[in-house]
Amino acid sequence: MTLLALLPLLVTAQPGRWVRKNVPLDSIRLSDPAILADKATQMYYMTGTGGMMWRSSDLQRWDGPYGVTEFSPDSWMGGRPAIWAAELHQTGDGYYYYFATFTNRAVIIDTVRGNIIERRASQVLRATEPMGPYRTFGDSIYLPANRPTLDGTFWRDTDGKPYMVFCGEWLQNWNGTIEKIELKPDLSGTVGEPRVLFRASDSPWSKERNERGEITWNKVTDGPWLFRTQTGRLGMLWTSWVYDVYTQGVAYSESGTLDGPWVQQPEPITPPGYGHSMLFQRFDGQWMMSVHHHSKDARGRTVRIPHLFKVDLSGNELRIIE
């Protein structure tokens, strides 16, 4: 590639980091992409694992990555935590909320079957602008310190209360969970104790081989995302594995609330290799699903590329249409 061809990609610098311009979506390497369509700025903001931010006016060409988080070394996360599965949410109170999983690798909380469990939990940060800076506020912790939790997302249930829905990591419980916990009205902390909504073993489609070579359910729960169809049916997207293939399914709540019971659909919702999705509406009203595609390159390295599907929520269930 010539220097002239590189100019659209490397034109702006931040301290210690290049920011690229006009980057096609399929040229970005990003796990767990989550997109906020911000009406105030008429821009799309994409974050995910790594905690950086990309922005676009058309979902096709993106500028980034930008650093948008700030941490205190005195917090349980430390000054430079690993960041997984960041999401942006708005509640109508003028703030932008940053739900993410933070890992402090310097703190060990457990060892299970030879797995060293680092201090990892979902937490909420806040900012007044979509580009941040996002900082901690309110309670110092949201979830139990002796458990690894991840992939927290936001949902306001039919009782009008806000909740965090998150995963209990399989590395400790050996049967991953998806759970809920009530949030304070201003999202500054949690109320009460978590409650399990369902477990990895409830899935009819996820698979792995156990120590004896028998086919059984996969232990992983990953990336919950809540939605309602236009008929009012409550659904949840979530991801696991079919052997070594990253795969996403969907469950529906029979009660129409987070309390379920949750009925798992028998087949995956997306093609093989896609997962950890979220939904958003384009400015023209079209519902979209943001996912990443998980594959290996010629050297065996994992490659995760963001991808967008059009979805239809007009009926009683979510359908991918393109």
Side-chain angles (χ1 to χ4, degrees), residues 31-34 48-49 82-87 99-103 109-110 112-113 115 117-118 120-123 142-144 146-155 163-181 190 193-210 215-227 234-253 258-270 272-279 289-292 294 304 318:
S31 301
D32 316 324
T49 288
I83 303 175
W84 294 357
E87 298 178 356
F99 282 62
T101 304
F102 304 98
T103 301
I109 62 171
D110 203 355
V112 179
R113 303 193 190 191
N115 293 311
I117 311 297
E118 300 165 331
R120 177 178 299 124
S122 296
Q123 188 114 349
Y142 280 58
L143 294 168
N146 62 347
R147 296 182 56 203
T149 56
L150 66 155
D151 294 356
T153 191
F154 174 76
W155 185 250
Y163 291 87
M164 179 190 288
V165 176
F166 64 94
C167 298
E169 191 163 37
W170 71 272
L171 288 171
Q172 185 184 58
N173 61 32
W174 223 245
N175 186 3
T177 57
I178 291 184
E179 308 179 29
K180 73 166 188 176
I181 191 168
T190 54
E193 298 297 322
R195 179 188 169 191
V196 174
L197 304 182
F198 60 84
R199 301 178 187 275
S201 55
D202 295 330
S203 168
W205 50 263
S206 70
K207 294 179 178 64
E208 68 178 26
R209 291 189 183 273
N210 63 20
I215 297 175
T216 184
W217 41 269
N218 195 284
K219 295 183 284 292
V220 173
T221 50
D222 187 73
W225 181 270
L226 284 300
F227 65 92
L234 177 62
M236 184 193 303
L237 296 157
W238 68 285
T239 302
S240 188
W241 295 80
V242 177
Y243 304 116
D244 62 345
V245 179
Y246 200 54
T247 305
Q248 180 174 244
V250 63
Y252 291 98
S253 169
L258 287 178
D259 289 331
W262 289 90
V263 177
Q264 306 292 330
Q265 298 302 285
E267 299 296 332
I269 191 72
T270 43
Y274 292 91
H276 200 117
S277 77
M278 57 81 63
L279 304 179
M289 175 187 288
S290 171
V291 299
H292 73 253
H294 184 107
R304 299 181 179 96
L318 182 152

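Computed from a predicted model, the values in this text were never measured in an experiment.
Residues Val112 and Leu171 fail the side-chain proximity criterion, which asks for heavy atoms closer than 4.5 Å. Taking 4.5 Å as the limit, every side-chain heavy atom of Val220 sits out of range of all side-chain heavy atoms of Ser206. Side-chain contact between Glu87 and Phe154 is absent, with no heavy-atom pair separated by less than 4.5 Å. The shortest side-chain heavy-atom distance between Leu237 and Ile269 falls under the 4.5 Å cut-off. Inter-residue side-chain proximity for Arg147 and Thr177 is flagged as met; some heavy-atom pair is nearer than 4.5 Å. Two residues are said to be in side-chain contact when any heavy atoms from C-beta on lie closer than 4.5 Å; Thr153 and Met278 fail this criterion. Put simply, the side chain of Ile178 reaches to within 4.5 Å of the side chain of Phe198, judged on heavy atoms.
Note: Leu143 CG to Ser122 OG = 6.0 Å, rounded to the nearest 0.5 Å. Note that CZ of Arg113 and CD of Gln172 are 12.0 Å apart. Values are rounded to the nearest 0.5 Å. Ser201 OG to Trp174 CH2: the interatomic distance, rounded to the nearest 0.5 Å, is 14.5 Å. Note that CZ of Phe227 is 7.5 Å distant from CG of Leu234, once rounded to the nearest 0.5 Å. Rounded to the nearest 0.5 angstrom, Thr149 OG1 and Gln123 CD are separated by 9.0 Å. The CE atom of Met164 sits 14.0 Å away from atom NZ of Lys180, with the distance rounded to the nearest 0.5 Å.
Taking all atoms of both residues into account, the shortest heavy-atom contact from Ala34 to Ala86 is CB-O, 3.5 Å. When all heavy atoms are compared, the tightest approach of Tyr243 to Asn218 is O-ND2, 4.3 Å. Across Tyr274 and Val291, no two heavy atoms sit closer than the pair CD2-CG2, 3.6 Å. Here the shortest heavy-atom pairing between Pro204 and Pro266 reads CG-CA, 3.7 Å. Nearest approach of Gly235 to Tyr252, heavy atoms of both residues: CA-CD2, 3.7 Å. Closest approach of Asn173 to Trp170, counting heavy atoms only: OD1-CA, 3.2 Å.
Residues satisfying the side-chain hydrogen bond (donor to acceptor under 3.5 Å, both in side chains) test with Asn210, not counting sequence neighbours, are Glu214.
Just one residue in the list Trp205, Trp262, Trp225 forms a ring-ring contact (aromatic ring centres under 6.0 Å, His included) with Trp238, and that residue is Trp205.
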Practice item. Tell me, with the steps shown, if Leu226 and Leu258 meet side chain to side chain contact (heavy atoms under 4.5 Å, CB included). Key: CA-CA 9 Å; Leu226 284 300; Leu258 287 178; 3.9 Å; yes
Exercise for review: Could you give me the CA-CA distance, side-chain angles and deciding distance for Lys219 and Asn175, then say whether side chain to side chain contact (heavy atoms under 4.5 Å, CB included) is met?
Suggested key: CA-CA 5 Å; Lys219 295 183 284 292; Asn175 186 3; 5.8 Å; no
Check your understanding: Do Arg120 and Trp84 pass the side chain to side chain contact (heavy atoms under 4.5 Å, CB included) test, and can you show the C-alpha distance, the side-chain angles, and the key distance before you say yes or no?
Key -> CA-CA 10 Å; Arg120 177 178 299 124; Trp84 294 357; 3.4 Å; yes
Exercise for review: Walk me through it: do His276 and Thr49 pass the test side chain to side chain contact (heavy atoms under 4.5 Å, CB included)?
Suggested key: CA-CA 11 Å; His276 200 117; Thr49 288; over 6 Å; no
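Without hydrogens or angle criteria, Gln264 side chain to Gly249 main chain gives no donor-acceptor distance under 3.5 Å. When atom types are taken as modelled, the side chain of Thr247 and the backbone of Ser240 share no donor-acceptor pair closer than 3.5 angstrom. Proximity of a side-chain donor or acceptor of Thr221 to a complementary backbone N or O of Ala200 within less than 3.5 Å is not detected. Checking side-chain atoms of Gln248 against main-chain N and O of Ser277 turns up a donor-acceptor pair under 3.5 Å.
We find that Arg304 and Asp32 are not joined by a salt bridge, their nearest charged nitrogen and carboxylate oxygen being 4.0 Å or further apart.
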